[in-house]
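The structure displayed is predicted, hence computed values, not measured ones. Order of the sequence lines sets the chain letters (A, B, ...), proteins ahead of strands, with each chain counted from 1.
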Protein chains: 2
Amino acid sequence: MTNWTAMTYILPPLNALRAFEAAARHLSFKLAAHELHVTPAAVGQQVKALEARLGVRLFERLHKQLVLTAAGQAYLPEISDGFRRIADATAQLKPVGAVLLQLGVHGSFDLRRLELEAFRASHAEIGLRVLQPAGLHELIEGKVDVLIARGLGNHPGYRCDRVTEGSGLGDWLIAPAGTADCPEISSFRDWLRALPVENSLALHRRRVVGIVRS
Amino acid sequence: MTNWTAMTYILPPLNALRAFEAAARHLSFKLAAHELHVTPAAVGQQVKALEARLGVRLFERLHKQLVLTAAGQAYLPEISDGFRRIADATAQLKPVGAVLLQLGVHGSFDLRRLELEAFRASHAEIGLRVLQPAGLHELIEGKVDVLIARGLGNHPGYRCDRVTEGSGLGDWLIAPAGTADCPEISSFRDWLRALPVENSLALHRRRVVGIVRS
DNA sequence: AATGCTTACGATCAACGTAACCATG
DNA sequence: CATGGTTACGTTGATCGTAAGCATT
C-alpha cells in the first residue's frame with residue numbers, strides 16, 4: 001500500500017554516516033580522522049553513536065585494526081554511492097560566473113567576517129565556492145584551488161602570500177605555483193590583501209592533526 | 001588526469017543540504033520545517049548558509065512562495081536521489097534480530113539515559129532502531145512503529161500508555177491500535193514501564209511546531 | 001490583517017579535543 | 001613500548017527557537 005503523503009526518507013544522522021563511510025573506506029579511524037580534519041576520537045564517537053541508533057554493529061574492533069561486519073560490508077558501498085552522487089551533483093552545480101574558484105579554509109574560521117559577498121559583488125565573473133574545513137591535502141589533491149591557512153607558509157611548489165599584517169603567526173594564501181597567477185586567484189589575493197585590518201583573517205585554531213604518511 | 005590518491009568527495013554541509021532538499025521538495029520553508037521537526041527560521045538559515053558556501057542561489061524568494069532557480073532545479077533531483085539511496089540502504093540494513101522495531105523519539109531526549117542496550121541485551125530477537133527527532137507524522141506514515149512523546153496522550157486509533165509516574169505532563173508510549181499488542185511492542189512497553197524512576201524519560205521539550213494541514 | 005520569509009540575538013545541545021587508559025604485537 | 005582504539009569530561013561552536021520585522025495579498 002503506497003502512501004499518498006509526501007514519501008519522505010528515514011535518514012540516519014548524516015555526519016555520523018560520513019564518519020562511518022570514511023572509516024570503512026580506510027578501515028581506520030585514524031586515517032578517516034585525517035581525511036575529515038578531526039581527531040580519531042571524534043570519528044570513533046560518531047561511529048559508535050551511529051551503531052547505537054541503527055542497532056547494528058558495523059565494525060569488528062580488532063587490535064589496531066577495524067574489520068567491517070557483514071552489515072557494514074553491505075552498507076558501505078551504498079552509502080559511498082549516495083555521497084558520491086551528492087558530491088558529483090555539487091561539482092556540476094554551475095557557478096554564477098564563467099569561472100569557478102574553489103577556496104579552502106583551514107580551521108574553523110567564521111566566514112561571515114570575510115564578507116565574501118563583497119568579493120562576489122565586485123567579481124561577477126568568478127564563482128566563489130568554499131570548502132571548510134580544508135587543509136594542505138585538499139590543495140595537493142586539487143580539491144581546492146587556493147587555501148587560506150594560518151602559520152603554514154613556505155611550501156615548495158606553492159606560492160604563499162601573507163594576507164594579514166599582524167605579528168606572530170599570520171594567515172597565508174597558498175596556491176599551487178602553476179596556477180598562482182591566474183586571474184581568479186590573483187584577483188582574490190589582491191582583494192584579500194586590501195581588506196581592512198579589523199576584518200583580517202582571525203583564523204581560529206581548531207585542530208592540529210599530525211601528518212599522516214607525508 | 002585521474003588521481004591515484006584515495007578519491008575523496010567534496011561534500012557540502014550535509015544538514016544544510018537536507019534542509020535544502022526538503023524545502024525544494026515542498027517549495028516551502030514552513031512545510032520543510034514541519035517535516036524536519038524544526039522551525040521555518042532554522043530551515044531558512046540553513047539554506048542561506050548553503051547558498052553562501054556554494055556561491056549559488058538556489059531559490060528565488062517571491063512573496064510567500066519559493067521558486068527554484070535553474071541551479072536549484074538541476075540540483076534537487078540529484079540530491080534527492082543521493083538521500084534516497086542512503087535511506088534505502090539504511091532500511092535494508094539487517095537488524096541483529098529477526099524483527100525490526102523502529103522507535104521514534106519526540107524532542108531531544110538524551111538516549112543514553114534510556115540504556116537501550118539493556119533492552120537489546122535482554123531481547124536479542126528484537127532489532128531496535130531509533131529515529132529522532134520524530135513526531136506523530138512518523139507514526140502515522142508508518143515510518144516508526146512506536147513513539148515516545150511527552151504530553152501527547154489519547155489519540156483516537158492509537159494506544160497510549162504512560163511510561164512515567166511523575167506528575168504533570170508525562171511521557172507516553174504511542175502505538176497504532178492495530179499493532180499495539182504485537183510481541184515486540186509489548187515487550188518494549190513492559191520494559192519501559194519497569195524502568196527505575198531515576199531513568200524515567202526526561203524528555204526535554206525542544207520544539208512545538210503548529211499542526212500543518214491537520 | 002493574515003501569512004510566510006527574513007534577521008538578530010541568545011540559548012542549547014551536538015560535536016569535538018584533550019588526556020588518560022587499555023590492549024596487543 | 002609504540003600504536004591505535006576507547007572513554008570521560010569539559011569546551012566550543014553549530015544549530016536552533018524566539019520574537020520582531022517586512023512585504024504582499
Figure out the [atom1]/[atom2] separation between [X] and [N], and round it to whole Å.
| X | N | atom1 | atom2 | result |
| --- | --- | --- | --- | --- |
| A/Gln132 | D/dG13 | CD | P | 11 Å |
| A/Leu14 | D/dT15 | CG | P | 11 Å |
| A/Leu17 | C/dA15 | CG | P | 12 Å |
| A/Glu51 | D/dT7 | CD | C1' | 15 Å |
| B/Leu58 | C/dC5 | CG | P | 16 Å |
| A/Leu31 | D/dG4 | CG | C1' | 10 Å |
| B/Leu27 | C/dC5 | CG | P | 10 Å |
| B/Lys30 | C/dA2 | NZ | P | 14 Å |

Polar atoms only, N or O, under 3.5 Å: list the protein pairs with nucleotides 21-25 of chain C and their distances.
unit_1 : atom_1 : unit_2  : atom_2 : d
C/dT24 : O4'    : A/His63 : ND1    : 2.9
C/dT24 : O4'    : A/His63 : NE2    : 3.2
C/dT24 : O2     : A/His63 : NE2    : 2.8

(message) Can a side-chain donor-acceptor contact be found between A/His34 and A/His137 if the only test is distance below 3.5 angstrom?
(response) yes
(message) Within this structure, what is the CD1-CD distance for the pair B/Ile79 and B/Glu21, rounded to the nearest 0.5 Å?
(response)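 B/Ile79 CD1 to B/Glu21 CD: 8.5 Å, rounded to 0.5 Å.
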(request) Report the distance from atom CG of A/Leu68 to atom CG of A/Leu58, rounding to the nearest 0.5 Å. (result)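 The CG atom of A/Leu58 is 8.0 Å from CG of A/Leu68, to the nearest 0.5 Å.
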(request) Could you please name the option among D/dT6, C/dC16, C/dC5 that lies closest to any side-chain atom of A/Arg61? (result)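 The closest nucleotide is D/dT6.
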(message) I want to verify a distance call: between D/dC16, C/dG17, C/dA15, whose nearest atom is closest to the A/Gln46 side chain?
(response) C/dA15
(message) Taking only side-chain N and O atoms of B/Asn15, does any of them lie within less than 4.0 angstrom of OP1 or OP2 on D/dT15?
(response) yes
(message) Looking at C/dC16, I'd like to know if its phosphate oxygens (OP1 or OP2) sit under 4.0 Å from a side-chain N or O belonging to A/Thr39.
(response) no
(message) On DNA chain C, compare the nucleotides closest to B/Phe29 and A/Ala16; which residue's is nearer the 5' end?
(response) B/Phe29
(request) Check the pair B/Val38, B/Gln46 against side-chain contact (heavy atoms from CB on, under 4.5 Å), reporting the backbone distance first and the verdict last. (result) CA-CA 11 Å; B/Val38 295; B/Gln46 292 279 60; over 6 Å; no
(message) Could you tell me if A/Arg25 sits above the aromatic ring of A/Phe83, with its cationic atom closer than 6.0 Å to the ring centre and no more than 45 degrees from the axis?
(response)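 No, a cation-pi geometry is absent between A/Arg25 and A/Phe83.
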(request) Kindly indicate whether a cation-pi arrangement holds for B/Arg150 with B/Trp172, taking the cut-offs as under 6.0 Å to the six-membered ring centre and within 45° of the axis. (result)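 Judged by the rule (NZ or CZ under 6.0 Å from the ring centre, within 45° of its axis), B/Arg150 is not positioned above B/Trp172.
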(request) Would you mind telling me which of A/Gln65, A/His63, A/Arg57 makes a side chain to side chain contact (heavy atoms under 4.5 Å, CB included) with A/Arg61? (result)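 Answer to the side chain to side chain contact (heavy atoms under 4.5 Å, CB included) test with A/Arg61 among A/Gln65, A/His63, A/Arg57: A/Arg57.
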(request) Assign each of A/Ser28 and B/Val43 to its nearest nucleotide of DNA chain D by heavy atoms, then name whichever residue's nucleotide is nearer the 5' end. (result)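 Whichever sits nearer the 5' end wins; that is A/Ser28.
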I'd like a list of close polar pairs between nucleotides 8-12 of chain D and the protein, N/O only, cut-off under 3.5 Å.
unit_1 : atom_1 : unit_2  : atom_2 : d
D/dA8  : N6     : A/Gln45 : NE2    : 3.2

(request) Provide the closest heavy-atom pair for A/Gly72 versus A/Phe20 in the form atom of the first, atom of the second, distance. (result)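 Smallest heavy-atom distance, with atoms named: O-CZ, 4.0 Å.
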(request) Specify whether B/Phe119 and B/His123 have parallel, tilted or perpendicular ring planes, treating 30° as the upper limit for parallel and 60° as the lower limit for perpendicular. (result)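 B/Phe119 and B/His123: parallel rings.
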